[in-house]
Structure formats: C-alpha cells, structure tokens
There are 2 protein chains.
Amino acid sequence: MTATSRPTSRDVAHEAGVSQSTVSLVLGGKWAGRVSPATVATVQAAAERLGYRPNPAARSLRLGTTRTVMLMVPTLTAPFFGSVYAGAAREAARHGLGVVVYPWPDDAGPADSPFATPHEAIDGILASSMPEEVVERFHGTPVVMLDSDPGGRFPTVNFGVADGMRALVAHLAGLGHRRFGHVAATVHQWTFHTRHAALAAAVAEAGGTLARAAGALDITEAKDAAGRLLDAAPDPAARPTALVCDDDLMAAGAYKAARARGLEVPADLSVTGMDDVLLATALEPELTTVRLPAEELGAEGMRSLLTLLNGTRPEPRTLPGELVVRASTRATGR
Amino acid sequence: MTATSRPTSRDVAHEAGVSQSTVSLVLGGKWAGRVSPATVATVQAAAERLGYRPNPAARSLRLGTTRTVMLMVPTLTAPFFGSVYAGAAREAARHGLGVVVYPWPDDAGPADSPFATPHEAIDGILASSMPEEVVERFHGTPVVMLDSDPGGRFPTVNFGVADGMRALVAHLAGLGHRRFGHVAATVHQWTFHTRHAALAAAVAEAGGTLARAAGALDITEAKDAAGRLLDAAPDPAARPTALVCDDDLMAAGAYKAARARGLEVPADLSVTGMDDVLLATALEPELTTVRLPAEELGAEGMRSLLTLLNGTRPEPRTLPGELVVRASTRATGR
DNA sequence: TTGAAAGCGCTAACAG
DNA sequence: CTGTTAGCGCTTTCAA
C-alpha cells in the first residue's frame, strides 16, 4: 500500500498474513464455520491497526445494492422535514442503511434535475409531500410516499389530518363557536386538499358557517387572508369567532391580523393551527393545534420502504394526530 | 442485458454497434478529436433509447473520487441548517458535485460507529457549528469548518457575529439604554463564546452594565433566564431596560418572561435576537435582530471546499451580519 | 479451514 | 478514428 491512500482489504490481508478473501469473510461477518477463531482475531487486529474501512463504491458495485435510500422533501428550510429525516434516519440505521436527503425543487437552485448531477445511487425512495410525477422519473426504484394521496400508485404513510380537523372543530364547537373562518393555504398538496374538505364537512356537521380566504404558506399572506375574513362582515356580530388555519405558520399570520384590528386572541377571537411545530409555543398566546408526529412519519415510512425492499407491498398506514389545547382558543363571549 | 436491470455502457455499445470504450468516451464528453461526429450521434441516440445512466459506484471505484461532499450539521430540526444546505448544494451543483447531509449527533439516534453504517464515500466535508474533534475521525478527508473557531486546524468561513453584537449594542445605546441583560445560551460553540465576549466588550465600551443569565437553547429555558434577569433587581428602576438574547429563539422566551410580568415590549423593555430566522417576523412585536446569511455561509463554505479540493488552502472568510431594526426596540422612557 | 479467481461497470492508456 | 485491455476494491463461488 502507499502511505497516502486508504488501506484496502488486500493491505489487511498482507498485514495479517492471510488471503484477501479471508479478510472479506471475516470483516463481512460471514466466517462462522469457515475461518478459525484464531485467524479471525488476527484479521480483526490487522484491520484495526490499519484503520481499515471498506470501500463503499466497490461494495455496491459488487453487490448491486447501495444500502442507501433517498429522502425527497420539498425543502429543508421548514423544520418539519428535518424531523421527518430524523425519524427515517434512525429507523434506517437500525437496519444498516444510510439516508441521503434530496430537497426538490426549492433548495438546490433552479432546475437541477435529478439527472443533471451525478446523483446518488440508491436502493429506494421515500418522498414526503411530493407530487407523484416527480418520483415517477426514477423508473424501477421502489418508492414509498409520505403525506400524499393514498389513491396513488405507491404505498403511503399519512397523517390523520381529516380527524385532526374534526377534532379541532369539535373542540371549537364545544366552546360555542359557530361562525368559522378558514385561513387556507394555496398549496397543491394532498394534505391541504384533505384539510379543506374535512374542515368544510366538520363545520357543516356542527351546524356552523365557514368563510374561506387563501394565501401562500407564509406569514404575510396568511395575515392578509385572515384580515379579509375579519373585515368581510360589515357587522362585527357576523364576523367569524374562530379562525381555523391550515398550519401553525398561517396561525401566526392570523394573530397579526387580529392584533392589527385591536382584537385580542383568545378573548375576541379563537385561532387554531395544525402541525405543532416549535412556533406553536413561541407565539403568545400559545397555539391550540394538532400535533402531527413528523418523526414518526419518517420512521414508519422507512419501515414501509424496508418492507417494500423485501418484496412485499406494505399496507397504507395512517398516523393519528393529537389535539393539543393551549391558550389560543376560548369560549365565545355569550 | 436482462430486461429488468439497468442498461450498462456495454448494452449501449451493443445497441450502437460500437465498442464499450467508445461509449465511455462519448458519454464522458471526451471524444473531441477522437471519435467521429457520426459515431457520437449514433451512440448518443442509443444511450437515449435505452435510458442509459452511468453507474456511479463503478465510476467512483474507477476514479477514486465520488463527486460528493458531506455537510455535517448538529441537527436538521433547526431551519437555519436547512438554509446552509441550500446554499452549499446550489454552489456544489454548479460544479457537478452532490451534497449529502449528515446530522450529527442528534438526529440519527445513538452512536452509529464508523463500522455500523456504511456511510457515504465522500471527497470532502463541510462541517457547520461542530466541534473540531468530531471531524477529525475522517482522517485525510479535506475539511472546511463553518461557523467555527478560526483558530483551529481547518479553513473556516464565519459570520461576523462580534460586529453584529456591537451593532446591536450601538443601536440600543443610541436609544438611551444603559442597563443591559444578556439572555445567554449554554451551548459550547464558537459562535456563542464570541457573542458573549463581544457583547460584554461592547456594553463596557458604551458605559453600560450587563447582567447575565443562561439557559439551554430553547424557549422555556430562555424564558426562565430572562425572568431571573427581570426579577433580580429589587428596585424596578435598576432593572435592565434591554435584553440582548443569544438568538431569536431565546428572544421568544424573553418576550414570554416580559409578558408574564406585565411588561410590554418594547414600551417597557427592549429585546433583541440574532440570526433572523422566520420566527423573528412571526413574533409580535417583530424582532430587532441581526441577519446572519445562512445560505451564503453554505455557498461560501462550498467555494472554500472546492478551493481546498483543488489543492490550495483557502483564506478564512467572514460574512458580515446585518442589523435589522424592527419593532422590539425603542428609546428608554426618559 | 483457507486461497484462487471471476467479475460487478466504468475510465483511460495503449494498440491498431 | 476505434477497439482491446487492465484494473479500481470488493464479495462469493469453487477448489484445494
């Protein structure tokens, strides 16, 4: 071996005085009944001494497998997807797999198609909150979709967002609210379509009314949308008493709209979010919301992908959300 | 080729009626003056028809290079690091490199020993906000440290956090503040040590006093720390009039401590953060802080790493922060 | 119980 | 201008 480059299994073999294939057997843990314990010890010592690390490229070339899966997310700038990663990576590590994150399309700049750069060689894909088309270009690679339409061609793991919306409305209705406003996100993702439909249904069932205003998933647009809802009724007595926001970030915008009009949350207006990210407890008052277990989504998705990699298509799974009542909701005045 | 597996360059060669090495030359873009244009066209058509993609494992085995660099971050659950990734990935893509993210140690669970997971083969490492020791295990791999002590053995790219602190204190002093409180993070990272030292120096220079309370980097602990600062003085007239927080998240805790005591921000108390993450504009009042360009840190770090990969050690770089005055600071009463 | 050898798909030196 | 060939480091038969 040269002094500069990484030691190979051949170097270890030479150091231990055995053949290279014996080294491979030993370090691969496949020596039971094929190599004497004494030799095993010698080889392990030699590997240790040299600081040997198998070359993953060679291994994957030989095996045709990379023991790496790709997690596709819309962006890494939302902490939610960091949690999804954490769950997926933890579960993957338990099975000796690595996870590479691939934000698409936002983060890496304009149009770097998956094919433009020599992207990772991977055994499977976990795609969170992505349109199905994006993933269809990876022909033949096993895919599990997270937070996506369960009616698609790939196995899915989802949150029970519809139940979450129902729980929110039930909570609010129990507090006496009947006039609801929906601060909606104009984002074409399954989860938002589902939230919208479930909210409408739940409000109808509770005998309430629902006004809707929509904007992009950011604070300013949410503030504007909430403002429109608050200003719509000429008579304050016809104004919504509760604003159901599509996620926690939009709820922050709703807070701002309320304060700008001299309305106090929750005394004059109840506000709810969904997701339960860090922001929910940073706001004041702390936000009533539905906790969506992001880490668990990643972990459960990884389990499904492992099942798929083993050759059986996993059942669709739904992870329940949990209503978290904090300080942004209160009974209506009278 | 079998019907199921990916086509190889040999399949393309067969399809095009040329040798495999010609395919390699053409698809590698190295054919100028060595292969006839007609043959090139034939080969490209065949590759297209077959949907050929070179096998990265084989390529990297042959080349001894992976065209992939690793970004190490403490966690992906803080949106800051998502932005660092975005900047790094964008810059890397311009040079045909990929970036894999490696959160350590938080996210992926317990102690994955170097032998436990076959982690990525990589050409270089970008380590953000990490202790140097963590990175030293990757002997011989080129490293650039981000947001780290510039006195270490590796090249660095940093924020001008000291200047940032000075700008904050100058702004506050200009508003008449003299009694400062420091809501400090008990995190052993270069950036926080630097913030602490710069703040102390700036306050001294402004002729002010500085009380300090510390806690972990979360809202609850920040609230407690800020509360201690606010409660320390028996006489309210001796209380700090401005709370300088180590980052935006801690500022959110300071808001809570203030409100819990009936103090209004900024009328009764000015509060500042640092980083300028999304939270800064979600809070009310919006937070005066220092914008630290996270994406630019990632991009500049990648440029430095590319320089290092080309064989020359890059100069240390410092990216200036920018004071962003919003609504959480105001002149003292009188 | 161990070693020899083949070959994964690719690049590049060299021959023709 | 194009083809032949060696070999990157590894796993896995097969033979000894």
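Just so it is clear: chains get the letters A, B, ... in the order the sequence lines come, proteins before strands, and each one is counted from 1.
The one candidate from A:Val143, A:Leu297, A:Leu71, A:Val101 that meets the side-chain contact (heavy atoms from CB on, under 4.5 Å) condition with A:Leu126 is A:Leu71.
The base of C:dA4 is not paired with the side chain of A:Ser19 by any donor and acceptor separated by under 3.5 Å.
The existence of a salt bridge linking B:Arg303 and B:Glu296 is confirmed by a sub-4.0 Å separation between a basic side-chain nitrogen and an acidic carboxylate oxygen.
The side chain of A:Thr39 places no N or O atom within less than 4.0 Å of a non-bridging phosphate oxygen (OP1 or OP2) of C:dT1. A close approach under 4.0 Å does not occur between any side-chain nitrogen or oxygen of B:Thr22 and OP1 or OP2 of D:dT2. Note on A:Arg59: every side-chain N or O is 4.0 Å or more away from OP1 and OP2 of D:dG9.
Residue A:Ser36 is classed as a sugar-phosphate contact, given heavy-atom separations below 4.0 Å to backbone atoms only. Counting non-hydrogen atoms under 4.0 angstrom, A:Leu25 reaches a base of the nucleic acid. Heavy atoms of A:Ser24 sit under 4.0 angstrom from at least one base atom.
When each of B:Gly17 and B:Ala58 is assigned the nucleotide of DNA chain D bearing its nearest heavy atom, the one mapping closer to the 5' terminus is B:Gly17. With DNA chain C read from its 5' end, the first of the two nearest nucleotides for B:Pro54 and B:Arg34 is the one closest to B:Pro54. Residue order along DNA chain C, read from the 5' end via each residue's closest nucleotide, puts B:Leu61 first among B:Leu61 and B:Lys30.
Look at CZ on A:Arg53: it is 18 Å from C1' on D:dC8, rounded to the nearest Å. Counting to the nearest Å, the C1' atom of C:dC8 and the CG atom of A:Asn55 are 13 Å from each other. Spacing between atom NE2 of B:His14 and atom P of D:dG3 amounts to 13 Å, rounded to whole angstrom units. When rounded to the nearest whole Å, the span between CZ of B:Arg62 and C1' of C:dT11 equals 5 Å. As rounded to whole Å, 10 Å separates atom P of D:dC1 from atom CH2 of B:Trp31. B:Gln20 places its CD atom 16 Å from the P atom of D:dG7, with the value rounded to the nearest Å. The nearest whole Å value for the distance from the CG atom in A:Leu63 to the P atom in D:dC10 is 12 Å.
The line from CE of B:Met130 to CZ of B:Phe154 is 12.0 Å long, rounded to the nearest 0.5 Å.
Comparing C:dG9, D:dT2, C:dT2 against the side chain of B:Val35 picks out D:dT2 as the nearest. Distances were taken from every side-chain heavy atom of A:Ser21 (C-beta onward) to each of D:dT12, D:dA6, C:dC8; the shortest belongs to D:dT12.
Checking B:Ser304 against B:Thr307 by side-chain atom types alone, no donor-acceptor pair falls below 3.5 Å.
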For this session: Go through the steps to decide whether B:Leu146 and B:Val144 satisfy the test side chain to side chain contact (heavy atoms under 4.5 Å, CB included), and finish with yes or no.
Result: CA-CA 7 Å; B:Leu146 268 26; B:Val144 168; 4.0 Å; yes
